[in-house]
Amino acid sequence: MQFAQIILPLNLKGTFTYKVPADFLDKIEVGMRVLVPFRGKKIYTGIVAELFDNFEETFVPKEIINLLDNQPIVPKQQLDFWNWLSSYYLCNLGEIYRLAFPSSLKLESETYVRLLSERTIDWQNLDANETYLLQALEVRQMLNLQEIEAFIPKKEIIKTINALIDERYISVDEKITEKYKAKEIAYLKINDEALVSENLAIILLKLDKAKKQKDLFLSILSKQIDNPDNPIRKSLVFDEGNFVNQQLKSLIEKGWVTEYYLEKHRIDSYEGEIEEIEELTENQKKSISEINQAFEEAKNVLLHGVTSSGKTHIYLEKIEDCINSGQNVLLLLPEIALTKQITIRLEKKYGKKLGFYHNKLTDFERVEVWRKIKKNELQILIGTRNSLFLPYENLGLIIVDEEHDSAYRPRDQNFFFNAKDSAMMLAEFYHAKLILGSATPSLESYDLAMKDKLRYVSINERFGKVDLPKFEIIDIKEAQNQKKIVGNFSQKMIDEINLQLDQKKQTIILHNRRGYANVIECETCGHVTYCSNCDVVMTYHKASNELKCHYCGHRSGKPTTCPSCNSDNLNTKGVGVEQIEEETQKIFSDAEVDRMDVDAMRKKFAYEKLYEKLENGETDILVGTQMISKGLDFDNIELVAIPKADSMIHVQDFRAEERAYQLITQVAGRAGRVSGNGKILIQTYNPSHSVFELIKNQNVKEIYNYFLDERKKFLYPPFVKLIMIELKHRKEDKINRASQFLGSILRKYIPEECILGPEKSPIARLNNLYQYQILLKFPKNKNYKIYKELLFKSLDEFDEITAYKSIRKDIFVDF
DNA sequence: AGCACGCCGACT
DNA sequence: GTCGGCGTGCTC
């Protein structure tokens with residue numbers, strides 16, 4: 001194979017062709033890393049995507065500089081997966097590669113500047129920057145751009161370097177440096193021949209003159225004799241005896257002691273005792289056998305288990321099965337931080353065979369996990385969506401916990417993909433089994449399960465037959481009419497919370513809106529403050545006494561008078577969680593009230609502190625946003641109150657009701673986990689709204705059928721496939737024209753009824769970029785592929801207009 | 001993506 | 001007059 005298609009870590013379409021030099025012909029394989037030149041001298045680490053012989057020379061390909069691996073680092077299954085992602089989500093392979101690899105595995109050449117000696121420097125004719133640079137280079141022969149930045153302003157660097165190149169004082173080169181360094185720890189040992197007793201006696205005699213050296217020698221010796229199999233840490237010996245390197249050095253020079261290094265793994269593994277899992281209940285056993293049945297039929301599973309039904313136990317059992325059959329497991333979680341329980345359990349059982357992979361790891365830690373997976377040293381990997389890209393060799397089972405969670409499809413980073421759906425494809429490429437688990441499955445998964453494309457396994461009873469929480473709807477309008485209301489709380493809700501306080505039980509109040517008030521409005525002229533970067537009203541945060549934009553993070557001080565008319569008649573509109581907290585504090589003045597939202601949790605250890613308070617029963621009432629629906633498993637919570645449930649429904653998003661259902665049900669799951677006395681109070685102006693009625697009855701089938709009917713009626717997933725194209729640019733007229741143009745291209749190929757827009761995005765400007773969007777509703781049959789091809793074609797046609805190249809284009813498939 | 005090349009405004 | 005802005009073009 002003479003030629004190779006290489007994936008580069010750049011957001012460019014397709015792959016690039018390189019020639020394989022003769023030395024590598026018999027070594028190179030698909031999936032290996034190579035160093036290739038790209039655009040002048042720059043060198044990148046690419047991935048071999050394909051090898052082939054006949055190449056029609058329409059251009060002269062460059063040669064591969066070096067082969068970095070002895071064996072493929074990206075398994076075949078992963079490359080298939082990348083290709084699928086690229087075509088399904090319309091993103092470039094380079095973007096996927098960038099996301100998949102820790103950056104230390106993607107060596108990139110660095111530009112550095114070198115002093116040439118061929119001319120004597122004429123210092124008179126140099127400007128200040130040129131003088132600085134040359135002086136610096138006289139001290140250190142080579143400097144990289146970052147180092148130069150320390151003493152020359154960023155803007156002037158290029159100019160300075162170019163001027164000096166012209167004068168032939170310096171030259172510019174590219175250098176590749178290995179970034180990853182194993183963390184090494186120094187150990188000491190007495191050499192074998194020194195240990196022979198007659199030698200030992202002589203040594204000790206000789207050391208009589210050097211007291212400190214003798215002490216050091218003896219200190220090492222005693223440790224080595226006490227524990228011959230344990231390596232002796234140098235730092236430990238030094239700390240104990242206050243030794244210094246010079247003393248060690250002379251012992252080494254005399255050939256009595258050796259200093260050696262061992263690689264330390266940055267990630268500490270669990271070293272405690274290993275524990276067996278508990279016995280399963282009848283219900284759980286039944287689910288297991290249903291799952292086994294499904295696996296035998298080569299079907300994947302949707303495990304729909306009410307909160308605290310013990311889904312985790314079932315995962316553990318299936319993980320065990322998979323490992324016993326000699327294969328490995330990937331357990332995906334929406335976010336690693338909040339899911340302690342399963343981790344602890346698995347850690348106790350699998351110890352060092354368990355690995356973690358998530359965004360909080362440093363790059364080097366990621367590399368270590370990569371290597372361990374590659375070497376097949378881990379049997380279980382627990383991780384967030386990025387762990388889909390690890391180089392598994394022997395994957396037998398993928399579990400996606402909380403499969404409905406929107407953290408699997410974040411909209412604001414990289415290219416868009418849904419980790420849950422991607423996991424299903426990955427499982428297919430590996431011929432691995434898959435379990436999606438949730439107490440509130442996404443409608444899409446539920447629909448698949450009803451069609452038996454996923455096997456539906458449900459557990460509708462809590463672990464230990466604990467009763468499920470009861471739901472009650474409070475008509476706030478009626479309460480208002482009867483004047484039985486304080487602020488946002490009906491008397492009924494207040495009474496119920498007081499009842500809990502009397503019994504020393506804890507209460508959760510859910511209000512899913514950050515800040516104190518949505519807006520500060522001038523009552524005189526109607527002025528409201530908009531974010532300077534976005535087309536969004538700033539939210540008032542009382543706790544920090546400022547206005548915040550929840551979209552770009554912009555902050556500004558709280559105005560005391562109207563910025564427009566100077567009136568001091570300012571009023572707040574729209575209730576945020578801070579205000580609910582304030583009211584709660586006022587109404588239940590003796591209770592300890594805490595708030596849990598992104599703003600309150602920003603401080604270091606805020607979460608840990610709050611968690612402890614809750615655990616110790618110090619907190620009586622916890623007020624929070626959707627954050628409180630995750631990971632708070634406390635036995636003493638019995639009441640969940642939702643004073644303004646309507647705010648969750650009145651969001652313009654076709655998933656709003658589904659999300660409201662999921663959020664309420666998830667929070668409800670926190671109540672009465674042990675006692676079975678859980679109670680959920682939902683306050684609303686629309687007590688007869690179908691969603692609330694359905695939630696109250698908790699009839700899963702009815703709820704999902706209702707959602708499905710709605711989606712069918714208004715043509716939304718799972719009945720159609722949605723693709724959103726979002727165009728962004730600093731100039732509104734440009735983006736307007738461009739999106740109209742893209743719309744017209746699309747209409748040329750695709751039927752009118754499939755295309756909505758272009759129109760301004762609900763947030764017309766974000767971070768100073770104007771946004772327009774086009775929504776595509778494609779049929780969910782064989783035509784989907786055809787339409788998608790046509791979409792490809794349209795986008796290509798759009799890209800040909802050079803004037804629109806600077807427009808940012810984000811594509812959200814199945815968003 | 002990023003980097004070079006090329007054509008128009010505000011300054012020594 | 002220049003410096004530097006960013007629109008445009010290209011990368012195997």
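Note that this is a predicted model, so its numbers are computed, not measured. Chain letters run A, B, ... following the sequence lines, proteins first and then strands; every chain starts at 1.
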Next item on the list: Give the nucleotide from the list C:dC12, B:dA1, C:dG7 with an atom nearest to the side chain of A:K731.
Entry: C:dG7

Margin query: In this structure, how many angstroms lie between the P atom of C:dT11 and the CD atom of A:E63, rounded?
Written below: 19 Å

Margin query: Of the listed nucleotides (B:dA1, C:dG9, C:dC12), which one gets closest to any side-chain atom of A:T802?
Written below: C:dG9

Notebook entry, point to check: Given atom CG of A:N11 and atom P of B:dC3, what is their separation to the nearest angstrom?
Noted result: 15 Å

Margin query: What is the distance, to the nearest angstrom, from the CG atom on A:L10 to the P atom on B:dG2?
Written below: 7 Å

Checklist line | Below 4.0 Å: OP1/OP2 of C:dG7 and any side-chain N or O of A:R730 | finding: yes

Note to self: If you only use heavy atoms from C-beta on, which nucleotide in C:dT8, B:dG2, C:dC12 is closest to the side chain of A:Y18?
What the structure shows: C:dC12

Notebook entry, point to check: In whole angstroms, how far is the C1' atom of B:dC3 from the CD1 atom of A:I161?
Noted result: 14 Å

Margin query: Parallel, tilted or perpendicular: which one describes the rings of A:F778 and A:Y784, with boundaries at 30° and 60°?
Written below: perpendicular

Check: Of all the nucleotides listed (B:dA1, C:dC12, C:dT8), which has the minimum atom distance to the side chain of A:R98?
Finding: B:dA1

Check: Can you tell which of C:dG7, C:dT11, C:dC12 lies closest to the side chain of A:L12?
Finding: C:dT11

Check: Any donor-acceptor pair under 3.5 Å linking the side chain of A:R366 with the backbone of A:S104?
Finding: no

Next item on the list: Give the ring-plane orientation class for A:Y392 versus A:Y430, where under 30° counts as parallel, over 60° as perpendicular and anything between as tilted.
Entry: perpendicular

Notebook entry, point to check: For A:L93 and C:dC12, what is the distance between atoms CG and P respectively, to the nearest whole Å?
Noted result: 18 Å

Next item on the list: Determine, step by step, whether A:F38 and A:F16 satisfy the ring-ring contact (aromatic ring centres under 6.0 Å, His included) criterion, reporting the C-alpha distance in whole Å, the side-chain angles of both residues, the deciding distance to 0.1 Å, and the verdict.
Entry: CA-CA 9 Å; A:F38 189 73; A:F16 292 83; 5.0 Å; yes

Checklist line | Between P of C:dT11 and CZ of A:F59, the distance in whole Å | finding: 9 Å

Margin query: Please tell me if A:K805 has a side-chain N or O lying less than 4.0 Å from either OP1 or OP2 of C:dT8.
Written below: no

Checklist line | Within the 6.0 Å centroid threshold, strictly below: A:F416 and A:F815 | finding: no

Next item on the list: Could you check how far CZ of A:F38 sits from P of B:dC3, rounded to whole Å?
Entry: 12 Å

Item checked: A:N414 CG to B:dA1 C1', straight-line distance once rounded to whole Å -> 13 Å

